Amino acid sequence: MRNPIIAALDVPSAEQALALAEQIAPAVGAFKIGKELFVAAGPDIVRRVRATGAPVFLDLKFHDIPNTVAKAVASAVRLDVQMLTLHASGGSEMMRAAEKAAQDTAKMLGRPVPLVLGVTVLTSSNRETLAEIGCDVDPEQQVLRLARLAAASGLRGLVCSPLEIVALRKILPTEIQLVTPGIRTGSEKADDQKRTLTPREAMEAGASWLVIGRPIYAAENPRAAAEKILESLS
Ligand code: C5P
């Protein structure tokens with residue numbers, strides 16, 4: 001079985017990210033680089049993490065006109081990332097352009113096509129947040145609507161909350177990969193994640209990959225924490 005743990009390198013500098021990556025690499029399946037680290041350390045941090053041999057998930061959540069998103073995706077493929085994100089609310093034309101750019105650029109470079117993941121509704125949004133921007137629907141309905149749109153636009157994966165996995169599995173083609181943050185083991189301090197599952201529960205519900213940040217990087221011993229999570233999955 002492949003290791004489904006994606007460790008979020010949610011730290012502010014390249015040095016901290018590389019030290020963390022080196023420490024936990026044997027116990028995780030991939031690393032996620034998000035906005036905090038990317039804006040601080042630039043594309044070079046992607047190259048340096050890739051140089052360790054581990055797959056990289058570039059979580060920059062693109063949302064722009066289709067041409068701009070397509071070009072950003074092409075740049076990400078040239079950086080040799082294995083997963084990247086965009087907002088499904090950018091619409092089908094934007095998502096099709098992104099998927100096409102991923103396919104075409106990977107083909108040109110002779111590399112596997114990275115997984116372009118659609119983000120539906122951010123877990124920080126609720127009914128009021130959606131109403132505020134003119135979307136008078138339940139967040140759950142909007143998640144399903146955007147998930148269907150992403151799949152119909154050719155995306156092969158989605159980011160979702162652990163509590164959305166079961167509903168999404170019912171409506172999506174089985175080959176769609178679901179990447180799930182909001183994972184807690186129960187032994188860490190309470191923080192801002194409110195709707196969580198354990199790693200094992202999320203995998204049993206149908207997650208393909210687990211994005212895990214604080215339960216690993218904020219643990220006293222990040223390597224031991226990652227190993228324990230991996231063991232809990234076997
Ligand atoms: O520390 P924690 O395990 O909560 O980290 C989860 C990671 O997943 C963070 O990088 C966070 O930005 C990201 N994420 C999330 N919830 C979402 C989407 C992304 O926690 N809905």
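Treat the numbers as computed from the prediction; the structure is a model and nothing was measured. In each ligand, atom 1 is the first atom listed, and ligand 1 is the first ligand listed. Position 1 is the first residue of the sequence; numbering continues from there. For the numbers below, each heavy atom of this structure counts, side chains included, while hydrogens, waters and symmetry mates do not.
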Close side-chain approach of Val159 to Lys61, heavy-atom, < 4.5 Å =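 The answer is no; the side chains never approach within 4.5 Å.
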Side-chain contact, heavy-atom cut-off 4.5 Å: Met94 with Thr68?
-> no
What do you reckon, does [X] have a nitrogen or oxygen under 3.5 Å from a nitrogen or oxygen of ligand 1?
X	answer
Arg214	yes
Tyr217	no
Ile212	no

Give a yes/no on ligand 1: does [X] have at least one heavy atom closer than 4.0 angstrom to it?
X	result
Asp10	yes
Ser161	no
Val211	yes

Please report which non-hydrogen protein atom sits nearest to atom 21 (N) of ligand 1, along with the residue it belongs to and the distance in Å to one decimal place.
->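 The closest heavy atom on the protein side is Thr123 OG1, 2.8 Å.
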Tell me which one of Glu36, Glu164, Lys32 gets a heavy atom nearest to atom 12 (O) of ligand 1.
->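 Closest candidate by heavy-atom distance is Lys32.
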Are there more than 12 heavy atoms of other residues, nucleotides or ligands under 6.0 Å from atom CD of Glu93?
->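 No, not enclosed.
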Checking Arg184 side chain against Thr196 main chain: does a donor-acceptor pair fall under 3.5 Å?
-> no
